[in-house]
Amino acid sequence: MESVIIEIRAGAGGEEAALFAADLFRMYTRFAEKQGWKTSLIDAHKTELGGFKEVIFEIRGENCYKYLKQESGVHRVQRIPITEKSGRIHTSTATVAILPQPDEVEIKINPSELRVEVMRASGAGGQYVNRRESAVRITHIPTGISAYSQEQRTQQQNREIALRVLKARLWEKKRNEELQKLSEERKEQIGSGMRAEKIRTYNFPQNRITDHRLGKSWYNLEKIINGDLNPIIKAFKKTGNM
């Protein structure tokens, strides 16, 4: 069974970007539910209005990476924010990273190169929050890349999840470096699905979603953002990129 780690972070747009990040979180978790996949929260930083500055979660299920890998990139939303009194349309962004769980043979980590820190969990983490040191942060010293988990009840569970996240991030770094090297060798831009690329716009006033890589739009935004990603997935299948 495949497993992916999804990281969603609010970009430009302040509170509206955080609310959009929450919309994307619901979109992916509802899609996962429709597929019969399992979802588990790893870490989240909520805002007062219910948005997310950052949310990290795991999805486990058959072919989940195959169906979600095209979601990596910058997602843009155009709508009237609930905080906007004059009725003006604002543009905000959120970044999505889809990180597959690498095999042990793909990512080898020397335990001596890891720094493990334990601490009390903070925020909305259930009845065990702040009662004991269950949260774990693991840092890969050579690269400075770290991963944090606090949502599980025990330190061991959080340690295992943080290590899986760390491996996924190290794999992403390795992959991006390889793509960059390949791009330099070819002296041309390679479509890599990296998070720096704007991939999709969600235009609420026009009920339209546009995927800029496909050059295609759909006029059923509400249905898609409520978890029906099948139209987009089918369009990618037709390109032969899935």
Side-chain angles (χ1 to χ4, degrees), residues 4-34 39-59 68 71-99 119-131 134-135 137 146-153 158 161 165 195-212 218-229 232:
V4 296
I5 291 170
I6 302 180
E7 302 179 345
I8 303 175
R9 294 181 175 85
E15 184 64 45
E16 169 62 10
L19 291 170
F20 180 47
D23 289 337
L24 294 175
F25 172 68
R26 285 190 294 272
M27 181 176 75
Y28 295 128
T29 53
R30 287 175 180 174
F31 176 70
E33 182 180 352
K34 293 175 187 291
T39 303
S40 56
L41 185 65
I42 294 175
D43 192 24
H45 299 276
K46 289 187 176 181
T47 63
E48 292 183 0
L49 295 181
F52 286 113
K53 291 182 179 178
E54 176 185 61
V55 58
I56 303 171
F57 57 106
E58 181 180 30
I59 290 179
L68 293 172
E71 297 299 311
S72 286
V74 175
H75 294 240
R76 181 175 67 174
V77 64
Q78 295 173 324
R79 64 184 175 189
I80 301 172
I82 59 174
T83 55
E84 175 58 55
K85 296 181 180 180
S86 64
R88 292 186 298 114
I89 295 174
H90 284 221
T91 297
S92 303
T93 63
T95 62
V96 175
I98 308 293
L99 310 179
M119 60 208 74
R120 290 186 177 182
S122 61
Q127 61 178 325
Y128 291 87
V129 168
N130 292 328
R131 291 189 179 181
S134 60
R137 178 183 289 111
S146 65
Y148 176 82
S149 178
Q150 70 165 13
E151 295 296 328
Q152 302 303 312
R153 293 184 175 185
N158 281 319
I161 290 175
V165 175
R195 71 184 70 180
E197 300 173 357
K198 181 183 70 178
I199 65 166
R200 192 175 299 150
T201 295
Y202 303 69
N203 187 305
F204 277 77
Q206 298 181 20
N207 190 34
R208 183 185 70 223
I209 284 184
T210 300
D211 192 287
H212 304 292
W218 296 266
Y219 290 86
N220 53 348
L221 185 154
E222 288 294 339
K223 188 175 181 180
I224 291 176
I225 209 163
N226 278 307
D228 184 11
L229 288 171
I232 298 175

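Hydrogens, waters and symmetry mates are skipped; everything else that's a heavy atom, side chains included, is used.
Every residue two or more places apart in sequence or in another chain that forms a side-chain hydrogen bond (donor to acceptor under 3.5 Å, both in side chains) with D43 is listed here: H45. Taking T201 as the reference, R76, H212 meet the side-chain hydrogen bond (donor to acceptor under 3.5 Å, both in side chains) condition, with sequence neighbours excluded. The ring-ring contact (aromatic ring centres under 6.0 Å, His included) check on Y148 picks up nothing, with sequence neighbours excluded. Under the rule for a side-chain hydrogen bond (donor to acceptor under 3.5 Å, both in side chains), S92 has no partner lying at least two apart in sequence or in another chain. Under the rule for a side-chain hydrogen bond (donor to acceptor under 3.5 Å, both in side chains), the partners of Q206 that lie at least two apart in sequence or sit in another chain are R208.
Residues F52 and A10 approach most closely at O-CB, 3.6 Å, considering heavy atoms. When all heavy atoms of G73 and I199 are compared, the closest pair comes out as CA-CG2, 4.0 Å. Across I224 and I232, no two heavy atoms sit closer than the pair CG2-CD1, 4.1 Å. The heavy-atom pair separating F20 from A94 by the smallest distance is CD2-CB, 3.8 Å. The two residues Q150 and A135 have their closest heavy-atom pair at CB-CB, 3.8 Å. Taking all atoms of both residues into account, the shortest heavy-atom contact from G11 to A17 is O-CB, 3.7 Å.
Listed by first and then second residue, the salt bridge (Lys or Arg N to Asp or Glu O under 4.0 Å) pairs that reach into residues 15-27 are E16-R79, D23-R26, D23-R79, sequence neighbours excluded.
Atom-to-atom distance recorded for E7:CD and T95:OG1 is 8.5 Å, nearest 0.5 angstrom. To the nearest 0.5 Å, the span separating CG on L221 from CD1 on I209 amounts to 4.0 Å. Rounded to the nearest 0.5 angstrom, T29 OG1 and I59 CD1 are separated by 7.5 Å. To the nearest 0.5 Å, the span separating CD1 on I42 from CD on E58 amounts to 5.5 Å. Distance check: I161 CD1 to Q152 CD gives 3.5 Å after rounding to the nearest 0.5 Å. Atom CD of Q78 and atom CG of N203 lie 5.0 Å apart (nearest 0.5 Å).
At least one side-chain heavy atom of E222 sits under 4.5 Å from a side-chain heavy atom of F204. The closest side-chain heavy-atom distance from V165 to S149 is not below 4.5 Å. Within the 4.5 Å cutoff, the side chain of N226 has heavy atoms near those of the R30 side chain. Under the 4.5 Å side-chain criterion, counting only non-hydrogen atoms from C-beta, E71 is in contact with R200. Side chains of E33 and T39 form no contact here, defined as non-hydrogen atoms less than 4.5 Å apart.
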**Asked** How far apart are the C-alpha atoms of K53 and R9, what are their side-chain angles, what is the distance that settles it, and do they pass the side-chain contact (heavy atoms from CB on, under 4.5 Å) test?
**Response** CA-CA 6 Å; K53 291 182 179 178; R9 294 181 175 85; over 6 Å; no
**Prompt:** Which is it for I6 and V96 under the side-chain contact (heavy atoms from CB on, under 4.5 Å) test, yes or no, and what are the steps along the way?
**Reply:** CA-CA 7 Å; I6 302 180; V96 175; 4.2 Å; yes
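Distance alone, capped at 3.5 Å, is enough to place a donor-acceptor pair between the S72 side chain and the I98 backbone. Judged by distance alone, the side chain of T93 and the main-chain N or O of A12 form a donor-acceptor pair under 3.5 Å.
Under the side-chain contact (heavy atoms from CB on, under 4.5 Å) test applied with Y202, the options N207, T210, I225 reduce to a single match, I225.
Y28 and H75 have perpendicular rings, their planes meeting at more than 60° on a 0 to 90° scale where under 30° would count as parallel.
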